[in-house]
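All remarks here apply to the structure that follows.
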2 protein chains.
Amino acid sequence: MTDETTAISDLPQPAPATVDEFRSRLAEVIDDLPRRLRQCAEYIATNTDRIAVSTVAELAAGADVPPSALMRFCQILGFTGFSEMQRLFREAYSPGWPDYSTRLKNLKDQGAGSPAALLAEFIEAGRLSLEALAKSADEVALTQAVALLAGAQTVHVVGLRRAFPVATYLVYVFEKMAVSAMLHDSVGRLDHRFALRPGDAVIAITFAPYSEETIALAQDAKARGLPVVALTDTLTSPIVRYSDAVVTVPEVDFGAFRSLSATIAMAISLAVAVGSARG
Amino acid sequence: MTDETTAISDLPQPAPATVDEFRSRLAEVIDDLPRRLRQCAEYIATNTDRIAVSTVAELAAGADVPPSALMRFCQILGFTGFSEMQRLFREAYSPGWPDYSTRLKNLKDQGAGSPAALLAEFIEAGRLSLEALAKSADEVALTQAVALLAGAQTVHVVGLRRAFPVATYLVYVFEKMAVSAMLHDSVGRLDHRFALRPGDAVIAITFAPYSEETIALAQDAKARGLPVVALTDTLTSPIVRYSDAVVTVPEVDFGAFRSLSATIAMAISLAVAVGSARG
DNA sequence: GCGGATTTAGAATATTTATTCCATTTCAAC
DNA sequence: GTTGAAATGGAATAAATATTCTAAATCCGC
């Protein structure tokens, strides 16, 4: 009858009311959970999205625990049981976009190859790219890149072919932010590399198949001791070895073409951050 | 005992195996369905995404029919029952937020003005733009624009300042699709308008504040009787009066800068559609 | 290695949810 | 209007699913 044994799990904690609350509660408790319950927590943490559409038995099987363990897990989190937890996820699903996905399907139904169907595909590719970027963005690399560029006199921007639109937008934003920037566009096959001066920095944008001129410029700058920032697709890109900071962007493409959404989002962020870092 | 009354619904049709198959089956049957079943079909058609996370009773209530009607509906589509139909959607289910929204919040929490927070904002702006585009896209205008451009000898692309990246990407895609295209970039203040020849077409890209040169080129082309396609922000844009087809794109911006995601998605779609309409 | 507390597994039960069935209604052709 | 066929609603039943309970296993401080 004493209260002395009252442990955390006995306290009537209120159930999480949002997915965010759910996640933080999960993070709180996960470390001091016994073996089976921790297994539940870990499985749930990486498969949160399946809660809405699975049964206790299925999730338990996935986590490799008996169903009853999963029940206890739900209760520890503050729910009366699995059903209550599941309700949270079923209701939270599809909040912001009431008819977005339906509409996309309608567009696609116009027939494969129709302009509307293509548009739907590119919209989807763009959205996936942005979401992937949100998940994978490396703040540290980004901050580092901003620091390098913010310290430069003039920022030299190079990016050709499919990366060229990004380069031009970057220059546009730099200009608006009063950052001195120069676009290396190889118009007229003129080589502007003499313009690289001590105190400057380079941002080079390239994706597979990597464009030689871009890499060459980065290499040149590096040789002269200028800081080089790379905006590319993977850490194995050939430009990486000539760069002092590497920002990678996962881009989903449809057919042969990149959506560029994620790349541009990253580029603007860089430019604006550099602009405001300078004041 | 005769087979003479055998109707469509009696034939043992195989159940749809994919969501796409499901949608086309639905479209096939929806027109010759009795009242209650049509109610089901219509509700399901606009709420396809809730199938995975709802019970028969919930969906039936939403469609305003008794549960048994919904059961018959499932069977007409070829499923043995609701559960089988739901399984299809549960397996295909993948919400947009495995941890997307949480992650965005984390980025923003790095502190207002930090590179990561900026990135989060631009990602969000891009995503909203794409979703808005999905909802507002006008297939008819798009198809019309494609037709005009597909009929042209050479496509002249013009877009300056913030629209310039879009113009360059458009030209890149046209090239890859073997469509003869020319970029009017006003490099060196050279005026290329003499290049407009009978049989050509123009695509002009401009957003508020509208760039004069772009509008001037459109006007010029129009005066010579060439078809002009406008890619712009609203139907009240000054370019509209010089255009034969107008494609509008809603773009959300953060701070002073457009995300361009929606605009680029639209531009690629146009270019690819034109390319395949030709070849 | 012993004793008390905690954790666990799985069987038993309760609840929810899907499915079937049939009496009644609606519809359309004659 | 009458008749037969199709459609409907709701109650009855079957199946799946969640939840609880308890005996056995495990863990931990001594």
Side-chain angles (χ1 to χ4, degrees), chain A residues 1-11 15 29-44 50-91, chain B residues 1-11 15 29-44 50-91:
Chain A
M1 282 296 178
T2 94
D3 278 356
E4 151 183 48
T5 60
T6 300
I8 289 176
S9 58
D10 297 330
L11 289 173
V29 301
I30 197 166
D31 285 325
D32 29 38
L33 238 37
R35 181 167 138 269
R36 285 278 113 118
L37 295 185
R38 164 132 16 142
Q39 265 176 264
C40 293
E42 276 163 6
Y43 182 78
I44 289 293
R50 305 295 319 161
I51 297 176
V53 294
S54 304
T55 64
V56 173
E58 285 165 358
L59 289 176
D64 199 28
V65 300
S68 54
L70 218 142
M71 290 303 300
R72 271 177 293 129
F73 171 76
C74 298
Q75 288 161 354
I76 280 179
L77 252 40
F79 300 102
T80 63
F82 174 75
S83 297
E84 194 179 298
M85 180 169 106
Q86 188 175 54
R87 185 163 49 245
L88 172 64
F89 289 92
R90 287 190 167 178
E91 282 163 6
Chain B
M1 287 297 173
T2 94
D3 278 356
E4 154 181 47
T5 60
T6 301
I8 290 174
S9 58
D10 297 329
L11 290 173
V29 301
I30 196 168
D31 285 325
D32 30 38
L33 238 37
R35 181 166 136 270
R36 283 279 112 115
L37 294 185
R38 164 136 10 145
Q39 264 175 267
C40 294
E42 277 163 6
Y43 181 78
I44 290 293
R50 302 243 32 111
I51 297 175
V53 295
S54 304
T55 64
V56 173
E58 286 164 358
L59 289 176
D64 199 28
V65 300
S68 51
L70 218 140
M71 290 304 299
R72 268 175 291 131
F73 170 77
C74 298
Q75 287 162 352
I76 280 178
L77 252 41
F79 300 101
T80 64
F82 174 74
S83 298
E84 194 179 299
M85 179 170 106
Q86 189 176 54
R87 183 160 54 245
L88 174 64
F89 289 92
R90 287 194 166 177
E91 280 160 10

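Letters A, B, ... mirror the listed sequences (proteins, then strands); counts begin at 1. Because the structure is a prediction, the values reported are computed rather than measured.
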Worked verdict on A:L59 versus A:F82 for side chain to side chain contact (heavy atoms under 4.5 Å, CB included):
CA-CA 11 Å; A:L59 289 176; A:F82 174 75; 3.6 Å; yes
Rounded to the nearest 0.5 Å, how far does SG of B:C40 lie from CZ of B:R72?
8.0 Å
Heavy atoms of B:R38 and B:D31 approach each other most closely as NH2-O, 3.1 Å
Between the protein and nucleotides 26-30 of chain C, which nitrogen or oxygen pairs come in under 3.5 angstrom?
none

Protein-to-nucleotide contact annotation, 5' to 3' order, nucleotides 17-22 of chain C [B base; S sugar-phosphate only; - none; under 4.0 Å, heavy atom]
SSBB--
Interatomic distance where CG belongs to B:L33 and P belongs to D:dA6 [whole Å]:
15 Å
side-chain hydrogen bond (donor to acceptor under 3.5 Å, both in side chains) filter on A:R36, not counting sequence neighbours, yields A:Q39
Any non-hydrogen side-chain atom of A:L70 less than 4.5 Å from a side-chain atom of A:Y43?
no
Any N/O pairs under 3.5 Å between the protein and nucleotides 13-15 of chain D? List them or say none.
none

What is the separation between atom CD1 on A:I76 and atom P on C:dT6, rounded to the nearest whole Å?
13 Å
Reported CZ-to-CG distance for the pair B:F73 and B:L37, which is rounded to 0.5 angstrom:
8.0 Å
Between the axis at one end of the helix from C:dG1-D:dC30 to C:dC30-D:dG1 and the axis at the other (five pairs apiece), what's the angle to 10 degrees?
40°
Expressed as a whole number of angstroms, how long is the span from B:F73:CZ to D:dG9:C1'?
18 Å
Starting from C1' on D:dC27, measure out to CG on A:D32 and report it in whole angstrom.
16 Å
Smallest separation among heavy atoms of A:R50 and A:S54, with atom names
O-OG, 2.8 Å
In this structure, how many angstroms lie between the C1' atom of D:dC27 and the CZ atom of A:R38, rounded?
14 Å
Could you tell me which non-hydrogen atom of B:R90 sits nearest to which non-hydrogen atom of A:R90, and how far apart they are?
NH2-NH2, 2.7 Å
Expressed as a whole number of angstroms, how long is the span from A:F79:CZ to D:dT19:P?
12 Å
Rounded to whole angstrom units, what separation is found between the CG atom of A:L59 and the C1' atom of D:dT19?
15 Å
Just verifying a value: how many Å separate B:C74 SG and B:I51 CD1, rounded to the nearest 0.5 Å?
8.0 Å
For the student: nearest non-hydrogen atoms of A:P66 and A:A60, plus distance:
C-CB, 4.0 Å
Can you check the B:L70 CG to D:dG9 P distance for me, whole Å?
12 Å
Indicate the atoms forming the closest heavy-atom contact of B:M71 with B:V56, along with that distance.
SD-CG2, 4.3 Å
Can you name the side-chain hydrogen bond (donor to acceptor under 3.5 Å, both in side chains) partners of B:E84, sequence neighbours left out?
B:T80
